[in-house]
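Chain A is the first sequence line, chain B the second, and so forth, proteins listed ahead of strands; every chain is numbered from 1. Everything numeric in this text was worked out from a predicted model, so none of it was measured.
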Amino acid sequence: MMSDAISHAILPGIVVAFLLTQDLSSPLLVLAAGATGVLTVSLVELLGRTGLVARDAAIGLVFPALFSIGVVLIARYAGDVHLDTDAVLLGELAFAPFRRLTLLGVDLGPRSLYLMGAILFLQIALLLLFYKELKLATFDPAFAAAIGLAPAALHYGLMATVSVTVVGAFDAVGSVLVVALMVAPPAAAHFFVRRLSAFLALSAAFGIATAVVGYALARALDASIAGSMAVSAGAIFSLAFLLAPERGLVAAWLRRRSQRWEFAQETLAIHLLQHRGLPEEQEECRVAHLEQHLGWSAERAAEVVRRAENRGLVRREADLLSLSEAGVALGKERLST
Amino acid sequence: MRLLESLLFDYTLRTIALGSLVLGAVSGVLGSFAVLRRQSLLGDTVSHAALPGIVLAFMLGGSKAPLALMLGAATAGWVGTLLLLAVVRHSRLKEDSALALLLSVFFGLGLMLLTFLQRRPDSSQAGLDRFLFGQAAGLLASDVIALAAVGALVLVLVLALWKSFKLVTFDPGFAASIGMRVRALELAITWLMVLAIVLGLQTVGVVLMSSMLIAPAVAARQWTDRLGRMVGLAALFGALAGVGGALLSSAVEKLPAGPTIVLGASAIALFSVLLAPHRGLLWRRLRARRLEVES
């Protein structure tokens with residue numbers, strides 16, 4: 001949620017820098033945005049530390065206030081220039097190719113490409129440089145602090161990087177898509193992997209997939225590119241949430257179901273074991289009796305017996321059940337544990 | 001004085017001020033519960049999630065009647081909330097990430113639908129995008145009546161369920177042990193919050209609505225330790241910010257109402273955190289100083 005807060009809260013920083021430079025492509029804008037991002041985080045921490053305001057309320061208090069300042073500044077001083085609130089909030093990727101970077105009169109390609117490329121390069125460099133420190137501070141901040149890493153400095157550094165990324169993406173895609181792209185791919189990736197390095201790689205891959213699918217969707221519907229990308233981010237997350245092996249919703253449901261049958265077979269094996277070789281065996285070990293004794297419905301009893309037969313746990317002669325070697329072993333094992 | 005005069009006699013200004021007043025009061029009341037229940041950020045997610053509902057309601061119904069759009073917004077906000085609960089329950093995502101995820105995806109969906117509509121030849125959808133930033137100036141008398149009706153409904157429900165809400169907010173465990181239906185009550189509080197948010201969309205817009213819930217409640221919390229007083233104060237602060245912001249934005253040129261109202265509410269919150277007796281920072285500093293002198 002912090003990234004959402006930052007993506008809104010850096011607006012006044014951008015506006016002020018723009019008013020000072022009168023140039024939307026000035027690198028000062030990126031710096032100002034980074035500084036405002038850090039300011040946002042500090043304000044939230046400051047408010048939180050007073051103990052008067054809960055942390056989530058502090059976030060919810062700070063960023064709308066800063067965003068409002070930005071909107072008011074735009075409305076009052078910059079209303080007649082390119083910088084309007086819609087563009088900030090929603091972005092317009094379709095125009096990105098038209099904003100070219102020219103050097104000495106030579107057209108070098110779209111400006112966003114260079115800006116985002118530079119930010120990507122910076123991030124990869126920072127990530128490689130501080131990988132170990134970030135990893136430690138993420139998973140065990142107390143230990144990181146104990147061995148002399150400064151988790152607070154890392155935290156603010158990370159947030160500054162987030163701010164720079166957000167502002168880089170800002171004029172291309174707007175502040176909402178930034179959040180979708182920052183949150184959805186890692187959220188989807190965490191269903192699949194446990195290692196941090198694999199997690200980072202997979203979420204980058206999901207991010208690329210999101211962008212490509214979203215763009216295709218926008219082309220097909222002739223709708224907002226930013227919006228379509230957010231939708232495709234949501235779709236990728238939903239697929240992961242439902243279908244991921246092991247941790248997905250469907251996998252969990254299947255697992256629970258098979259465990260239920262497994263448990264029923266074990267119950268059956270124990271029941272048959274208890275009465276094995278005793279006089280009442282003829283009476284107790286009948287399929288029909290299971291309904292009464294274990295409270296199973298006729299269909300359920302039949303299904304459990306069928307599964308147990310398939311696995312070679314029980315043998316069946318007419319209505320009478322008896323345990324196989326494997327069935328005896330299973331029943332004994334379950335009784336002893 | 002001229003401001004007061006125009007408040008009484010200028011139709012547009014009176015409408016806007018009344019609308020903002022109702023909105024501020026209602027969101028102050030429900031925001032108190034949100035802040036106390038540590039659900040402050042839910043409001044932000046719900047208000048963003050309402051956007052696709054608004055657009056879909058327009059696509060299906062074809063009218064811009066405020067009640068139809070509100071219904072769409074409330075439905076979408078509600079669906080968003082349920083999805084949020086499902087994701088938090090069935091995955092290891094933190095609530096925080098789930099909030100941001102749903103917020104951006106739903107908002108993106110709304111945006112996609114909106115632009116999809118806009119690029120079709122019959123562009124009768126004009127005006128839907130005022131829900132992004134809100135447009136207090138566009139409030140009509142009929143809007144205000146709808147606002148007041150829904151607002152009154154919300155207040156009556158809160159009063160009727162006051163005791164239960166109080167117990168569920170402060171001690172859900174005890175509430176469950178004496179046989180209250182905690183989950184149903186929690187959902188009811190959330191549902192009312194969704195309603196309040198939907199009320200505010202037209203006036204302050206999707207982005208700033210969450211602040212209308214949080215700021216008055218945070219401010220009120222600093223002045224008292226009693227729920228009843230806190231809710232009353234929050235309503236008062238919300239109403240003050242609403243009317244004050246609306247008036248200021250009409251008096252000063254090029255000052256949009258939504259952000260002004262939010263800034264007003266934030267200023268009240270800041271003032272309270274600093275200066276409220278007993279809890280405020282200044283007060284605490286003074287007490288610490290006195291203790292030092294005494295010892």
Side-chain angles (χ1 to χ4, degrees), chain A residues 1-4 8 47 50 52-65 67-72 75-77 79 85-86 89-90 176-184 186-187 190-191 214 217-218 221-224 226-235 237 241 247 249 252, chain B residues 34-35 38-41 43-44 48 87 90-93 96-116 119 129 132-133 207-215 217-218 221-222 253-256 258-260 262-263 266-267 269-270 273 276 279-281:
Chain A
M1 208 60 190
M2 209 59 210
S3 62
D4 175 50
H8 287 86
L47 265 180
T50 61
L52 298 177
V53 185
R55 204 184 119 82
D56 61 332
I59 296 179
L61 207 56
V62 169
F63 88 84
F67 188 75
S68 298
I69 295 176
V71 175
V72 169
R76 286 192 65 74
Y77 303 110
T85 36
D86 277 17
L89 195 63
L90 317 176
V176 177
L177 173 59
V178 175
V179 179
L181 278 177
M182 275 195 180
V183 180
H190 100 289
F191 285 107
L217 189 65
L221 292 177
D222 191 18
S224 147
S228 309
M229 282 196 192
V231 171
S232 82
F237 171 79
F241 180 46
R247 293 185 215 170
L249 219 52
Chain B
V35 166
R38 300 281 155 96
Q39 278 190 329
S40 302
L41 296 175
D44 198 31
H48 281 75
V87 168
H90 295 291
S91 79
R92 290 188 300 174
L93 276 186
D96 189 65
S97 313
L99 281 168
L101 181 77
L102 276 158
L103 175 156
S104 55
V105 169
F106 265 71
F107 190 71
L109 180 66
L111 201 59
M112 191 180 89
L113 293 174
L114 193 62
T115 45
F116 175 68
R119 282 168 204 176
D129 49 354
L132 292 181
F133 288 103
V207 185
L208 297 175
M209 184 53 215
S210 67
S211 158
M212 287 306 290
L213 285 171
I214 302 171
V218 166
R221 174 70 189 91
Q222 312 308 324
E253 205 189 334
K254 280 199 200 168
L255 196 62
T260 312
V262 167
L263 282 178
S266 307
L270 184 67
V273 167
R279 266 174 76 97
L281 287 183

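B/S104 approaches A/A230 most closely through the heavy-atom pair O-CB, 3.6 Å. Minimum heavy-atom separation, B/V262 to A/S68: CG1-OG, 3.2 Å. The heavy-atom pair separating B/I214 from A/A57 by the smallest distance is CG2-O, 3.7 Å. The nearest pair of heavy atoms linking B/A100 to A/V183 is CB-CG2, 3.8 Å.
With rounding to the nearest 0.5 Å, the separation of CZ in A/F237 from OG in B/S91 is 5.5 Å. Remark: A/I59 CD1 to B/D96 CG distance equals 6.0 Å, nearest 0.5 Å.
For a residue to count as touching a neighbouring chain, one of its non-hydrogen atoms must lie under 4.5 Å from one of that chain's; by this rule A/L249 touches chain B with the side chain only. Interface remark: B/V273 contributes backbone and side-chain atoms alike to the contact with chain A (heavy atom separation under 4.5 Å). Using a 4.5 Å cut-off between heavy atoms, B/A215 touches chain A through backbone and side chain atoms alike. Contact of A/L217 with chain B is made through the side chain alone, with heavy-atom distances under 4.5 Å.
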- Please test B/L281 against A/L52 for side chain to side chain contact (heavy atoms under 4.5 Å, CB included), starting from the C-alpha separation and ending with a verdict. CA-CA 9 Å; B/L281 287 183; A/L52 298 177; 4.2 Å; yes
- Query: Run the side chain to side chain contact (heavy atoms under 4.5 Å, CB included) check on A/V53 and B/Q222 step by step: do they pass?
  - Reply: CA-CA 9 Å; A/V53 185; B/Q222 312 308 324; 4.2 Å; yes
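Under the rule for a side-chain contact (heavy atoms from CB on, under 4.5 Å), the partners of B/T260 that lie at least two apart in sequence or sit in another chain are B/L248, B/S249, B/L255.
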N/O donor-acceptor pairs under 3.5 Å from side chains in residues 106-114 of chain B, not counting sequence neighbours:
none

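Taking chain A as the reference chain and counting heavy-atom pairs below 4.5 Å, the highest number among B/L270, B/L93, B/V35, B/L102 is found for B/L93. Most heavy-atom pairs under 4.5 Å with chain B: of the set A/D222, A/V72, A/V62, A/L47, this distinction falls to A/D222.
In this structure, A/P64 and B/S266 have side chains that are not in contact, with every pair of non-hydrogen atoms separated by 4.5 Å or more. Between A/F63 and B/D44, the closest side-chain pair of non-hydrogen atoms falls below 4.5 Å.
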